[in-house]
Amino acid sequence: MEIESIGIVGAGQMGNGIAHVCALAGYDVVMSDVSEEALKAAVALVDANMERQVTRGKITAEERAAAMARIKTTLHLPEVGPTDLIIEAATERETVKQAIFEDLLPHLKPTTILTSNTSSISITRLASRTDRPEKFMGFHFMNPVPVMQLVELIRGIATDEPTFKACKSVVDRLGKTAATAEDFPAFIVNRILMPMINEAVYTLYEGVGNVTSIDMAMKLGTNHPMGPLELADFIGLDTCLAIMNVLHDGLADTKYRPCPLLTKYVEAGWLGRKTERGFYDYRGETPVPTR
Ligand code: NAD
């Protein structure tokens, strides 16, 4: 099946990046959110990011204008229904995602493929609550979407081959590379990355190092471009905690228990860059460690 239009549900950090790359690749994009503010901010951010690409000579001003004209936004979820492929990128909470798919079902074309950008929730379980588990997949972009090369494609137990091929062809047209993963908690990237971030928070919690020494140690000692705490702030501490909980619940192994300090930051609403405070405080000119 040829995909020409893409619906995106959730206009947060990931939704805006997904809209950006899809529109540049020539897809018609309909992006929805429950928050008008989020939609406005997402469009402004895509516009600013594309402008930077024009300045750097990566795209032309005409390509930017054409791509921006392909992005429509709506507060009305049913308007996303008649697209060829829907990528759900709303808050990492299973009840939120289930409600979105339930509300979408009456408005879909029979051929519409449903996907979720979830970092960790079972694709098979999300799919089982829809009328089309065979046309359901995990479509997992990395953050920031316009920069990162990888997309994890996750087959649920029922996903059929035409659905996989259609999603793979979208990844190719976006100029990205697909890694296929089986549907087990947190798939590949986050199964490995999140326990490392959680361990960095334990290292902080137990006083082995402070924010600066932990991030510096991992950057210079393992050649990671960002330290784990800086990366956690970038991803969003609520998302990190949600993924650790999925690993802990789904694999029933205490090695995945979320660090109490991570929970405390989330309880404080210190979610990282998106709230201007996390392991670093971003409200001034340069980030300042909060511990
Ligand atoms: P975010 O908090 O930045 O954005 C979530 C958006 O969803 C918000 O704008 C919110 O208003 C919207 N939303 C909430 N309920 C909704 C509903 N019922 N209908 C429509 N919109 C709704 O979160 P994010 O970082 O963009 O993450 C979104 C998804 O992408 C999550 O599933 C997350 O696990 C996944 N993901 C995140 C990252 C990352 O690094 N942040 C990377 C890969 C995948």
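Computed from a predicted model, the values in this text were never measured in an experiment. Indexing begins at 1, ligand by ligand and atom by atom, following the structure's order.
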query: So which heavy atom on Asp33 is nearest to which on Leu75, and how close?
result: O-CD2, 3.3 Å
field: Which of the ligand 1 atoms, numbered from 1, are nearer than 4.0 Å to a heavy atom of Thr91
entry: 5 (C), 7 (O), 13 (N), 14 (C)
- prompt: Could Arg283 and Glu276 be called an ion pair, given the rule that one side-chain N must be under 4.0 Å from one carboxylate O?
  reply: no
message: So, regarding Glu88 and ligand 1 (criterion: nitrogen or oxygen to nitrogen or oxygen, under 3.5 Å), is there a contact or not?
response: no
- line: Near Thr118 (heavy-atom distance under 4.0 Å), the atoms of ligand 1 are 32 (O)
Which residue and heavy atom of the protein sit nearest atom 34 (O) of ligand 1, plus the separation: Ser119 OG, 2.7 Å
- prompt: Under 3.5 Å, N or O to N or O, is Val96 touching ligand 1 that way?
  reply: no
- request: In plain terms, say whether Asp215 and Lys219 are close enough for a salt bridge, that is, a side-chain N and a carboxylate O under 4.0 Å apart.
  value: no
- prompt: For ligand 1, does His140 get within less than 4.0 Å through its side chain, its backbone, both, or neither, judged by non-hydrogen atoms?
  reply: side chain
- prompt: Which residue and non-hydrogen atom of the protein lie closest to atom 41 (N) of ligand 1, and at what distance in Å?
  reply: Ile235 O, 3.0 Å
- prompt: Can you tell me if Lys97 has a non-hydrogen atom under 4.0 Å from ligand 1?
  reply: yes
- request: May I ask you to list the residues sharing a hydrophobic cluster with Val208, side-chain cutoff 4.5 Å, ordered by chain and number?
  value: none
field: For atom 23 (O) of ligand 1, the option (of Lys274, Arg273, Glu92) bearing the nearest heavy atom
entry: Lys274
task: Anything under 30° is parallel, anything over 60° is perpendicular, the rest tilted; go ahead and classify Phe141 against Phe139.
output: parallel
Heavy-atom nearest neighbour of atom 29 (C) of ligand 1 within options Gly138, Ala90, Gly15, Gly12: Ala90
query: Between Val9 and ligand 1, which residue portion shows a heavy-atom distance shorter than 4.0 Å: side chain, backbone, both, or neither?
result: side chain
message: Assess whether a salt bridge exists between Asp47 and Arg64, defined as any Lys/Arg side-chain N lying under 4.0 Å from an Asp/Glu carboxylate O.
response: yes
query: Under 4.0 Å from any heavy atom of Ala89, which atoms of ligand 1 are there?
result: 28 (C), 29 (C)
- request: With heavy atoms of Gly10 as the reference, note each atom of ligand 1 found under 4.0 Å away.
  value: 7 (O), 21 (N)
message: Under 3.5 Å between any N/O of Ser35 and any N/O of ligand 1: does that happen in this structure?
response: no
message: Considering non-hydrogen atoms of the protein only, which is the closest contact for atom 26 (O) of ligand 1, and what is the distance?
response: Met14 N, 2.8 Å
message: Regarding atom 21 (N) of ligand 1: of the candidates Ile8, Leu75, Val34, Val145, which has the closest heavy atom?
response: Val34
statement: Apart from Leu220 itself, members of its ILVMFWY cluster (side-chain separation under 4.5 Å) are Met216
message: So, 4.0 Å and heavy atoms of Gly236: is ligand 1 close enough to count as a contact?
response: no
task: Any atoms of ligand 1 less than 4.0 Å from a non-hydrogen atom of Asn117? List them with their elements.
output: 30 (O), 35 (C), 36 (N), 44 (C)
message: Would you say Val266 ends up clustered with Leu261 if hydrophobic residues are merged whenever their side chains have heavy atoms under 4.5 Å apart, either directly or through other cluster members?
response: yes
query: Is a side-chain N or O of Thr91 found less than 3.5 angstrom from the main chain of Arg93, in a donor-acceptor match?
result: no
message: Looking at every heavy atom in both Phe187 and Ala181, which two are closest together, and how far apart are they?
response: CB-CB, 4.1 Å
query: Where does Ile100 meet ligand 1, judged by heavy-atom distances below 4.0 Å: at the side chain, the backbone, both, or neither?
result: side chain
- prompt: Among Asn190, Asp238, Thr118, whose side-chain contact (heavy atoms from CB on, under 4.5 Å) with Ile243 holds?
  reply: Asn190
message: Run the side-chain contact (heavy atoms from CB on, under 4.5 Å) test on Arg132 and Leu114 for me, step by step, so that the C-alpha distance in whole Å, both residues' side-chain angles and the decisive distance to 0.1 Å come before the verdict.
response: CA-CA 8 Å; Arg132 59 194 68 201; Leu114 290 176; 4.0 Å; yes
Residue Ala38 vicinity, atoms of ligand 1 by number, heavy atom under 4.0 Å: 9 (O)
- prompt: Purely on distance, is any nitrogen or oxygen of Thr239 under 3.5 Å from one on ligand 1?
  reply: no
- prompt: Taking non-hydrogen atoms only, is Phe141 closer than 4.0 angstrom to ligand 1 via side chain, backbone, both or neither?
  reply: backbone
task: Could you tell me whether some N/O pair between Gln13 and ligand 1 is separated by less than 3.5 angstrom?
output: yes
message: Which label fits Phe279 and Tyr265: parallel for a plane angle under 30°, tilted from 30 to 60°, or perpendicular past 60°?
response: tilted
- request: Nearest heavy atom to atom 9 (O) of ligand 1 wins, so pick from Asn143, Val80, Asp33.
  value: Asp33
Electrostatic pair Glu161-Arg155, nearest N-O below 4.0 angstrom: yes
